[in-house]
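As structure tokens, the structure follows; a few thoughts come after it.
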Amino acid sequence: YAKGQAGGTFREFEPSMNEQRIRARRLAVELKGAMERNELYFHYQPIFILGPLRVEAVEALLRWQHPEYGQVPPLEIVAVAEQHGLAEALNEWVLRGACRQLRDWHREGFEGLKVNVNISPNIFARGRLARVVSETLAQTGIDCHCLVLEITEDTSLWDTAASVDTLAELRRMGVGIALDDFGTGYSSFSHLRQLPVNKLKIDKSFIQDLPGDTRAVNMVSTIIALAHHLDMRVTAEGVEEPAQLAMLQSLGCDLFQGYYLARPAGIIEIRRLLEYPPALAELPSLLVAGAR
Ligand code: C2E
Ligand code: MG
Ligand code: MG
Ligand code: MG
């Protein structure tokens, strides 16, 4: 189709498509090796509980510093893995890596700290997840209550009874299940009704419009009430401003995550933060005075 066009257009169009294809293929080929050589790693972002400020959990966020491409976005890594039959291997790598790090933190005296691990959805259908999780917990000696799996709402996943069974089995084991990015997926309400999840993370797009946007305030307030009626704990993600935190606090939100409180960071920084948790008063702006 580009044949009849001017050469300039052709040259501009063709290479970028090629580059993208080459990049995807190269990442796919190298991903397995990168896992084996531990070139993949995590940044961890604290999830806080308020009054006094305490780190309840850290979310493991995948990072890949590629020798040529630099940082590869985690969603691209996940997409590459899914397209090349590596989703299961990646999930297992992530699970094992995050649990090992948590075990180290527990040994360093931060007992009770939890880790949240993002699991790409379509693994549920394959039914191996519950076994892999129980093996990983056994190998690392981590209490099942210290592991939370974060899943996003993805239609490809939820139709199968096997997914629900897998989640139910994990819940029976005591593993936490969080519905991530809540409010942005498909048919959230039917998932809330059917899926055995005990945590809900409100997507950052809702949080960003707090506290000024009345509709956003009312929606977040309603989501929190709904979750509490269903015995679920609520995390707000993407908290970037003190006024958002104050508003969420007044709405009864349970847990808080976002750049305002702490950015994702490497293990050394996280250890320092666990050792010396910030006081609310030390954060950039005053909270106690309420939203401003
Ligand atoms: P997510 O699970 O919803 O993770 C939260 C994302 O929001 C992270 O982006 C985090 O760095 C970012 N974030 C945290 N606080 C703030 C804030 O205050 N403002 C804004 N604007 N952003 C904030 P990141 O690390 O780029 O990860 C993007 C997504 O990639 C994650 O979204 C998750 O869906 C996926 N992901 C990350 N690691 C893994 C993994 O190990 N496995 C799988 N399957 N997916 C992963
Ligand atoms: Mg997440
Ligand atoms: Mg999220
Ligand atoms: Mg997300």
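Note that ligands are numbered from 1 as they come in the structure, with each ligand's atoms numbered from 1 the same way. If you read the sequence from its start, that first residue is 1, and numbering goes on from there.
Between Q65 and E39, the side chains place no donor N or O within less than 3.5 Å of an acceptor N or O (distance only, hydrogens not considered). Judged purely by distance below 3.5 Å, without hydrogens or angles, the side chains of H106 and D143 never pair a donor atom with an acceptor atom.
Interatomic distance, E92 CD to E135 CD, rounded to the nearest 0.5 Å: 8.5 Å. Interatomic distance, CD1 of I207 versus OH of Y260, reported as 15.5 Å (0.5 Å rounding). Between atom OG1 of residue T235 and atom CD of residue E150 there is a gap of 7.5 Å, rounded to the nearest 0.5 Å. For the atom pair CG of L179 and CG of L200, the computed distance is 6.0 Å after rounding to the nearest 0.5 Å.
Distances between N or O atoms of L62 and those of ligand 1 include at least one value under 3.5 Å. Between N91 and ligand 1, no pair of N/O atoms sits closer than 3.5 Å. For N118, a nitrogen or oxygen atom sits less than 3.5 Å from a nitrogen or oxygen atom of ligand 1, counting backbone and side chain alike. Considering backbone and side-chain atoms alike, Y260 places every N or O at 3.5 Å or more from each N or O of ligand 1.
Of all atoms in ligand 1, numbered sequentially from 1 with element shown, those under 4.0 Å from a heavy atom of S120 are 44 (N). Numbered from 1 in the order shown, with element, the atoms of ligand 1 that lie under 4.0 Å from a heavy atom of V94 read 41 (O). Contact atoms of ligand 1 toward R63: 25 (O) (distance under 4.0 Å to a heavy atom of the residue). Interface of G258 with ligand 1, defined as ligand atoms under 4.0 Å from a residue heavy atom, comprises 15 (N), 18 (O). Against a heavy-atom cut-off of under 4.0 Å, V78 is close to the following atoms of ligand 1: 43 (C), 44 (N), 45 (N). Less than 4.0 angstrom separates some heavy atom of E240 from each of these atoms of ligand 1: 17 (C), 18 (O), 19 (N), 20 (C), 21 (N). In the vicinity of Q45, heavy-atom distances shorter than 4.0 Å reach the ligand 1 atoms 14 (C), 15 (N).
Remark: aromatic rings of Y41 and W93 are distant, center separation not under 6.0 Å. When ring centroids are compared, Y44 and W105 come within the 6.0 Å threshold.
Using a 4.0 Å cut-off between heavy atoms, E82 makes no contact with ligand 1 at all. The residue H43 has no part lying near ligand 1, judged by heavy-atom distances below 4.0 Å. In L61, the parts holding a heavy atom less than 4.0 Å from any atom of ligand 1 are both the side chain and the backbone. Of the heavy atoms in D180, only side-chain atoms (C-beta onward) come closer than 4.0 Å to ligand 1. Contacts with ligand 1 closer than 4.0 Å are made by side-chain heavy atoms of P264 only, the backbone lying farther away. By the criterion of a heavy-atom distance under 4.0 Å, the side chain of E59, and not its backbone, is placed next to ligand 1. When non-hydrogen atoms are compared, ligand 1 lies under 4.0 Å from the side chain of E237 (C-beta onward) but not from its backbone. Of the heavy atoms in Q257, none comes closer than 4.0 Å to ligand 1. Under 4.0 Å from ligand 1, not a single heavy atom of T152 appears.
Coordination check, E59 versus the Mg ion (ligand 2): passed, since an N/O/S atom of the residue sits under 2.8 Å. Residue contacts to the Mg ion (ligand 3): E150 brings no N, O or S atom closer than 2.8 Å. Metal site remark for the Mg ion (ligand 2): T152 contributes no N, O or S atom at a distance under 2.8 Å.
Using a distance-only test at 3.5 Å, with no hydrogens or angles considered, no donor-acceptor pair links the side chain of Q45 to the main chain of A60. Under a 3.5 Å cut-off, the side chain of Q244 and the backbone N or O of E240 do form a donor-acceptor pair. Proximity of a side-chain donor or acceptor of R103 to a complementary backbone N or O of R107 within less than 3.5 Å is not detected. Between the side chain of H66 and the main chain of E68, a donor-acceptor pair closer than 3.5 Å is present.
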Worked check of side-chain hydrogen bond (donor to acceptor under 3.5 Å, both in side chains) between N18 and R21 | CA-CA 5 Å; N18 261 339; R21 217 175 300 123; 3.1 Å; yes
Intermediate values then yes/no, side-chain contact (heavy atoms from CB on, under 4.5 Å), M219 and F206 = CA-CA 8 Å; M219 287 204 64; F206 293 90; 3.7 Å; yes
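Proximity of G238 to ligand 1 is established by a heavy-atom distance of less than 4.0 Å.
The Mg ion (ligand 3) sits nearest to atom OD1 when only the N, O or S atoms of D181 are considered.
Rounded to the nearest 10 degrees, the angle OD1 (D180) to the Mg ion (ligand 3) to OE2 (E237) equals 120°.
Cluster annotation: V29 is not connected to M35 through the hydrophobic network of ILVMFWY side chains, with a link wherever side-chain heavy atoms come within less than 4.5 Å.
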